[in-house]
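This report refers to the structure that appears directly beneath it.
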Amino acid sequence: MKRQASLVLEDGTAFYGWSFGAERWTTGEVVFNTAMTGYPESLTDPSYAGQMLVMTYPLVGNYGVPSTGMSDNGLPLFMESERIHVKALIVADYSETYSHWNAQESLDAWMKREGVPGLTGVDTRRLTKLLRERGVMRGRLTPSMEMEDGDNAEDYGSVNWVEKVSCKEVVTYQPSASKRHRVVLVDCGVKANIIRCLLKRGMEVVRVPWDYDFNQMDFDGLFLANGPGDPERCEATVAHIRQFIHQDRVRPCMGICLGNQLLARAAGAKTYKLKYGHRSHNQPVQRVGSTQCFITSQNHGYAVDADTLPADWSPLFVNMNDGSNEGIRHKERPWMSAQFHPEACSGPVDTEFLFDEFVNMLR
């Protein structure tokens with residue numbers, strides 16, 4: 001039996017529909033993603049911690065959910081982490097019937113098991129237009145049609161979401177082929193496919209918590225992972241990165257998404273919050289100084305202010321929609337980062353070559 005549910009934004013705007021998944025109330029920052037596929041990967045992306053995800057593609061759930069189990073190397077088989085991180089999922093039309101060769105269960109059953117609520121029957125076009133015009137807002141989802149006070153939602157920017165999703169101890173992953181190099185990966189909310197991309201290139205990956213002092217470790221290169229929330233909340237990480245780039249021994253470094261922002265802040269640049277962020281599979285970026293353009297997968301709400309980069313740093317990529325920064329590089333040393341996701345799971349794989357560029361710098 002369907003149960004009525006509602007979403008109320010902090011400005012008082014209400015949306016009514018039907019509940020699926022876990023029947024419970026929740027609060028969070030309401031954001032939208034324009035991707036047409038990849039909801040299992042999106043729901044398990046730690047970068048969505050603290051957020052309620054609106055899918056603009058109208059049909060969601062029609063191919064079910066694959067296995068949520070773990071592989072022999074300790075990484076999820078098909079997901080991007082061990083659990084769902086979004087606070088809620090909001091869709092126009094949830095498909096109760098699913099069909100896919102790899103499906104193990106329905107989206108509804110998975111969300112029930114994980115305790116994550118969903119809302120369907122909502123005009124997601126109207127909701128998305130509202131978020132684009134006014135910017136992302138806090139919201140409250142409740143399994144009833146009664147008007148709820150959206151002001152009860154927590155202030156997303158005041159929480160250190162990285163601390164909530166980062167690993168709690170050091171974890172080492174060994175490549176299936178012979179080891180070529182040892183890479184320290186700072187886990188700010190890393191997606192599993194980033195680790196997979198490093199492992200298949202022969203990297204031994206040492207995954208450390210977000211605030212771990214990795215400078216005393218023996219490694220060949222540093223990798224700064226993606227993650228949720230405001231980079232200003234990660235001053236401990238920035239301090240360790242700053243120490244790394246000021247050492248006499250120069251070792252390669254690469255960052256992705258939040259890693260781009262943390263590297264920039266360690267270099268002395270500033271970051272800021274975007275009006276409604278970039279969350280899609282079709283963000284065009286251009287490599288600065290070239291005519292190369294790539295279609296990228298993205299999920300972030302903050303960006304680097306490229307105008308504040310020190311003289312020895314320069315933009316590496318730029319977003320062709322709004323001109324925001326999409327990556328930085330040091331002009332002389334082997335340090336670079338991308339605001340988008342080169343591992344693109346899910347999404348286009350146009351920029352996976354950046355992992356090869358990082359590996360080549362380790363030689």
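Note: hydrogens, waters and symmetry copies are ignored here, and every other heavy atom, side chains too, is used. Predicted model, so just to flag it, every value in this text is computed and none were measured.
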Original post:
Does some side-chain heavy atom of Asp322 sit less than 4.5 Å from a side-chain heavy atom of His278?
Top reply: yes
**OP:** Decide whether Gln339 and Asn325 meet the rule of one side-chain donor and one side-chain acceptor closer than 3.5 Å.
**Re:** no
Original post:
Do His330 and Ser314 come within less than 4.5 Å of each other through their side chains, counting heavy atoms only?
Top reply: no
**OP:** Compare all side-chain heavy atoms of His85 with those of Val165 and state whether any distance is below 4.5 angstrom.
**Re:** yes
**OP:** Would you mind reporting whether Ile194 and Phe223 have side-chain heavy atoms less than 4.5 Å apart?
**Re:** yes
**OP:** Take Tyr39 and Tyr63 through the test ring pair (Phe, Tyr, Trp, His ring centres under 6.0 Å) and record every step on the way to the result.
**Re:** CA-CA 10 Å; Tyr39 56 81; Tyr63 57 86; 4.4 Å; yes
Original post:
Can you tell me how far the CG atom of Leu263 sits from the CH2 atom of Trp313, to the nearest 0.5 Å?
Top reply: 4.0 Å
Subject >> Rounded distance (nearest 0.5 Å) linking atom CG of Leu7 with atom OG1 of Thr13 >> reply: 9.5 Å
**OP:** Heavy atoms only: give me the nearest Ser280-Thr34 pair and the separation to one decimal.
**Re:** CB-OG1, 2.9 Å
Original post:
Can you list the residues that meet the ring pair (Phe, Tyr, Trp, His ring centres under 6.0 Å) rule with Phe78, with sequence neighbours excluded?
Top reply: none
**OP:** Can you measure from CD (Glu232) to CG (Asn160) and round to the nearest 0.5 angstrom?
**Re:** 12.0 Å
Subject >> Cation-pi check, Arg3 onto Trp18 ring (under 6.0 Å, within 45° of axis) >> reply: no
Subject >> Side-chain donor/acceptor of Ser166 to backbone N/O of Val162, under 3.5 Å >> reply: no
**OP:** With rounding to the nearest 0.5 Å, note down the distance linking NZ in Lys331 to CG in Asp312.
**Re:** 7.5 Å
Subject >> Phe294: partners by ring pair (Phe, Tyr, Trp, His ring centres under 6.0 Å), with sequence neighbours left out >> reply: Phe353
Subject >> Nearest atoms (heavy-atom pairs only) where Tyr276 meets Leu131 >> reply: CB-O, 3.9 Å
Original post:
Lys191 versus Glu343: any side-chain heavy-atom pair under 4.5 Å?
Top reply: yes
**OP:** Give the minimum heavy-atom separation between Leu362 and Pro252, together with the two atoms involved.
**Re:** CD2-CG, 3.7 Å
Original post:
Run the salt bridge (Lys or Arg N to Asp or Glu O under 4.0 Å) check on Arg134 and Asp11 step by step: do they pass?
Top reply: CA-CA 10 Å; Arg134 304 184 186 179; Asp11 67 353; 2.2 Å; yes
Original post:
Arg24 side chain to Gly115 main-chain N or O, any donor-acceptor pair under 3.5 Å?
Top reply: yes
**OP:** Using modelled atom types only, decide if a donor and an acceptor are shared between the side chain of Arg279 and the backbone of Gln298 within a distance under 3.5 Å.
**Re:** no
**OP:** Assess whether atom NZ of Lys164 is packed by more than 12 heavy atoms of other residues, nucleotides or ligands within 6.0 Å.
**Re:** no
Subject >> Which residues share a salt bridge (charged side-chain N to carboxylate O under 4.0 Å, His left out) with Asp211, sequence neighbours left out >> reply: none
**OP:** Could you tell me which non-hydrogen atom of Pro46 sits nearest to which non-hydrogen atom of Ser81, and how far apart they are?
**Re:** CG-CB, 4.1 Å
**OP:** Report the distance from atom CE of Met254 to atom CG of Leu198, rounding to the nearest 0.5 Å.
**Re:** 8.0 Å
Original post:
Do Tyr302 and Tyr272 make the cut of ring centroids closer than 6.0 angstrom?
Top reply: no
Original post:
Donor-acceptor pair, Glu235 side chain versus Ala239 backbone, under 3.5 Å?
Top reply: no
Original post:
If you count the non-hydrogen atoms of other residues, nucleotides and ligands that lie under 6.0 Å from CD in Gln247, is the total more than 12?
Top reply: yes
Original post:
Should the heavy atoms of other residues, nucleotides or ligands under 6.0 Å from CD of Gln104 be counted, would the total exceed 12?
Top reply: yes
Subject >> Short side-chain to backbone donor-acceptor contact, Glu105 and Val65, under 3.5 Å >> reply: no
**OP:** Return yes when atom NZ of Lys2 has more than 12 non-hydrogen atoms of other residues, nucleotides or ligands closer than 6.0 Å, and no otherwise.
**Re:** no
Original post:
Any chance NZ of Lys270 has more than 12 other-residue heavy atoms, nucleotides or ligands included, within less than 6.0 Å?
Top reply: no
Original post:
Between Val60 and Ser95, is any pair of side-chain heavy atoms under 4.5 Å apart?
Top reply: no
List the atom pairs, donor and acceptor, that lie under 3.5 Å between side-chain atoms in residues 168-181 and the rest of the protein, sequence neighbours left out.
| from | atom 1 | to | atom 2 | distance (Å) |
| --- | --- | --- | --- | --- |
| Lys168 | NZ | Glu163 | O | 2.8 |
| Tyr173 | OH | Arg207 | NH1 | 2.7 |
| Gln174 | NE2 | Glu204 | OE2 | 2.6 |
| Arg180 | NH1 | Arg201 | O | 3.2 |

Subject >> Step-by-step salt bridge (Lys or Arg N to Asp or Glu O under 4.0 Å) determination, Lys275 to Glu133 >> reply: CA-CA 9 Å; Lys275 185 177 182 180; Glu133 292 167 1; over 6 Å; no
Original post:
More than 12 heavy atoms of other residues, nucleotides or ligands under 6.0 Å from CE of Met361: is that the case?
Top reply: yes
Original post:
Got a second to check how far His341's NE2 is from Thr296's OG1, nearest 0.5 Å?
Top reply: 9.5 Å
Original post:
Do the side chain of Asn33 and the main chain of Thr56 share a donor and acceptor less than 3.5 angstrom apart?
Top reply: no
Subject >> side chain to side chain donor-acceptor pair (under 3.5 Å) pairs, two or more places apart, involving residues 120-131 >> reply: none
Subject >> Nearest heavy-atom neighbours spanning Pro231 and Thr271 >> reply: CG-OG1, 3.4 Å
**OP:** Just jot down the salt bridge (charged side-chain N to carboxylate O under 4.0 Å, His left out) partners of Glu114, sequence neighbours excluded, or say none.
**Re:** none
Original post:
Taking all atoms of both residues into account, what is the closest heavy-atom pair of Leu119 and Phe15, and its distance?
Top reply: CD2-O, 4.5 Å
**OP:** Might you work through the ring pair (Phe, Tyr, Trp, His ring centres under 6.0 Å) test for Phe317 and Phe340, ending with a clear yes or no?
**Re:** CA-CA 9 Å; Phe317 296 96; Phe340 49 88; 5.0 Å; yes
Original post:
Looking at the rings of Tyr94 and Phe20, which for Trp means the six-membered one, are their centres under 6.0 Å apart?
Top reply: yes
Original post:
Are Arg251 and Phe219 in a cation-pi setup, meaning NZ or CZ lies under 6.0 angstrom from the ring centre and within 45 degrees of the ring axis?
Top reply: yes
Original post:
Linking I/L/V/M/F/W/Y whenever their side-chain heavy atoms sit closer than 4.5 Å, directly or via other members, would Val54 and Tyr57 fall into one cluster?
Top reply: no
Original post:
Do any N or O atoms from the side chain of Ser346 and from the backbone of Glu41 form a donor-acceptor pair under 3.5 angstrom?
Top reply: no
Subject >> Heavy-atom side-chain proximity of Leu185 to Ile195 below 4.5 angstrom >> reply: yes
Original post:
Can any side-chain N or O of His240 pair as donor or acceptor with the backbone N or O of Tyr212 at less than 3.5 Å?
Top reply: yes
**OP:** Measure from the side-chain N and O atoms of Ser19 to the backbone N and O of Ala5, and report whether any donor-acceptor pair falls under 3.5 Å.
**Re:** no
Original post:
Do you see a donor-acceptor pair shorter than 3.5 Å between the side chains of Glu80 and Asn193?
Top reply: no
**OP:** Going by the side-chain contact (heavy atoms from CB on, under 4.5 Å) test, name the single residue among Asp45, Asn260, Asn299 that passes it with Asn226.
**Re:** Asp45
**OP:** Using modelled atom types only, decide if a donor and an acceptor are shared between the side chain of Glu29 and the backbone of Met52 within a distance under 3.5 Å.
**Re:** no
Original post:
Counting heavy atoms not belonging to Arg113, are there more than 12 under 6.0 Å from its CZ?
Top reply: yes
Original post:
Are side-chain heavy atoms of Glu96 and Asp108 found at a separation under 4.5 Å?
Top reply: no
